[in-house]
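A quick note: this is a predicted structure, and the numbers were derived from the prediction, not measured. In what follows, every heavy atom counts, from backbone to side chain, and hydrogens, waters and symmetry copies are set aside. Numbers here simply count residues along the sequence, with the first being 1.
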Amino acid sequence: MAAQSTLRGRAAQALGIRAGELAPAACGFAFFFFLFCGYFMLRPIRETMGIQAGVDQLQWLFTATFVAMLAVVPLFGWLSARVPRATLVTWVYAVFALTMAGFAVLLHLRPGSVWAARTFYVWLSVFNLFVVSIAWSLMADVFRMDSAKRLFALIAAGASAGGLSGPLLGGLLAGALGPAGLLLLSALLLTATLPLKRWLLRWRAANREDTAPDDMARPIEGAVLAGISRIFQSPYLMGISLLVILLATLSTFLYMEQARLVAHAFPDTAQRIRVFSTLDFAVQALSLLSQVFITGRVAARLGLRFLLTAVPLAVAAGFLVLAAYPVFGVLAAAMVLRRVGEYALIKPGREMLFTAVPPEDKYKTKNVIDTVVYRAGDAASGWVKAGVDMLGYGAALIALLGAACALGAAAVGYGLGKRADARKPVDY
């Protein structure tokens, strides 16, 4: 027993956390591993289908995803006001697992359909943001800010580990199972998170003295669309929304330019899948190393202001290089830099911001920001990118616009991080 205690203590010390936090960190890690392993098995299929539907149609797919988000959010608000917080994740994930099974049937029956490809692209984009947002809402509900600074990077490392395993597993099983079989396997991985959710809630009840024992047994109060209205009542939440829009713009500019260059450089579908899988693998490997050994220590010592500022500044520099050298190699490096920085630093830091808000904002408002606000930024920036391409200015102007947005994101992130580090109350 003493040897096990000593081993746990050494493991916790190596990870920069406390001995009592090792079990919940491992549970959160496993939760995100299952979630992202299932998603990243399907991501190369989505990217391939996006190109199959036409690179010049991507802005329409972004807009369709935004509209789908607008339809889903009121349904989530309605559900969250009627089921206990403790079972909200279960209901949402069960619905998505059943929908995933339905898409398995559709892709099996209509494998070459362009409209099936477009529908799947939109659905997987909604699925990704929605289930991840709800997962982080749960983590923000389970952990306080002080422990979140130590643990959220490790928990996010589960996402990176899943992102590494998903493409490998998908590549090994794609020939035997096909897209439909991979969808069913992803549904099983999604449901595997639910026992972990129950363990985390039991740990919360035993370790959170600042909450009522039965608070998770009640639905979330507030109107169906309260998540939207509350954004405009709080400068803090509006700041988070602006940061999300700016970051989404950076992502969309790079994503659409990546799709254009990949379609031009790699005409074969199999080659494109390998390129997307290679980029995903590199991103997840680098993110995992940073999340396990660097991010938590940086957050504890330098605070959220560093997590939310350093990456946008680096991405701004990357965009300036891309403006001078608009080739696939530079674009790929900038894409990897942005995604690694987002997964390793920005994402854990942004999720820490929600540990300081009430439950209604942890679930409803956060969900609106992570889905509708994010996809609104996607859709708007997609049309900006399409407009610039029509004017014939190429990648250079987009890169300069991206650099300006990155500098704006750095300024907003610094302000939010400074407030969170000072533990100032959220303004309403």
Short side-chain to backbone donor-acceptor contact, Lys197 and Ala86, under 3.5 Å
yes
Flag the pair Phe354 / Thr365 as yes when at least one side-chain heavy-atom distance between them is below 4.5 Å, and no otherwise.
no
Starting from the C-alpha separation in whole Å, work towards a yes-or-no answer on side chain to side chain contact (heavy atoms under 4.5 Å, CB included) for Cys37 and Leu169.
CA-CA 8 Å; Cys37 184; Leu169 189 60; 4.2 Å; yes
Could you give the distance from CG (Leu138) to CG (Leu88), rounded to the nearest 0.5 Å?
9.5 Å
For Leu151 and Ala25, the nearest pair of non-hydrogen atoms, with its separation, is CD2-CB, 3.9 Å
Under a 4.5 Å cut-off applied to non-hydrogen side-chain atoms, are Phe29 and Leu154 in contact?
no
Just checking Phe76 against Trp91, ring centres under 6.0 Å apart?
no
CA sep, side-chain torsions, deciding dist, call: Glu342, Arg350, salt bridge (charged side-chain N to carboxylate O under 4.0 Å, His left out):
CA-CA 10 Å; Glu342 181 168 347; Arg350 186 160 65 84; 5.1 Å; no
If you take the centroid of each ring, where Trp contributes its six-membered ring, are Phe103 and Trp123 closer together than 6.0 Å?
yes
Indicate yes or no for a side-chain donor-acceptor contact from Thr355 to the backbone of Met352 under 3.5 Å, with no hydrogens or angles considered.
yes
Using modelled atom types only, decide if a donor and an acceptor are shared between the side chain of Tyr374 and the backbone of Val244 within a distance under 3.5 Å.
no
Is there a donor-acceptor contact under 3.5 Å from the side chain of Ser165 to the main chain of Gly162?
no
Checking side chain to side chain contact (heavy atoms under 4.5 Å, CB included) for the pair Val89/Thr193: CA distance, chi angles, key distance, verdict?
CA-CA 10 Å; Val89 174; Thr193 63; 5.7 Å; no
Contact summary for Ala403 and Leu320, nearest pair of heavy atoms
CB-CD2, 3.9 Å
Rounded to the nearest 0.5 Å, what separation is found between the CD1 atom of Ile155 and the OG atom of Ser160?
13.0 Å
Of the non-hydrogen atoms in Ile369 and Leu237, which two are nearest, and what is the gap between them?
CD1-O, 4.0 Å
Would you compute the distance between atom CG of Leu194 and atom CZ of Phe31 and round it to the nearest 0.5 angstrom?
7.0 Å
What's the shortest heavy-atom distance between Met41 and Gly166, and which atoms?
CG-O, 3.1 Å
Parallel, tilted or perpendicular: rings of Phe143 and Phe152 (30°, 60°):
perpendicular
On the 0 to 90° scale, with breaks at 30° and 60°, tag the Phe36-Phe40 ring pair as parallel, tilted or perpendicular.
parallel
Rounded to the nearest 0.5 Å, what separates atom CG in Asp141 from atom CG in Leu200?
11.0 Å
Taking Thr249's backbone N and O only, do any of them form a donor-acceptor pair with Thr252's side chain (distance below 3.5 Å, no angle check)?
no
What distance separates Leu168 CG from Leu173 CG, expressed to the nearest 0.5 Å?
10.5 Å
Is it the case that the side chain of Ser251 and the backbone of Leu247 share a donor-acceptor pair, with hydrogens and angles ignored and the cut-off at 3.5 Å?
no
If you compare all heavy atoms of Ala420 against all heavy atoms of Leu304, which two are closest, and at what distance to 0.1 Å?
CB-CD2, 3.8 Å
Verify, without hydrogens or angle tests, whether Tyr236 (side chain) and Leu353 (backbone) share a donor-acceptor contact under 3.5 angstrom.
yes
So how far is it from Leu313 CG to Leu407 CG, rounded to the nearest 0.5 Å?
6.5 Å
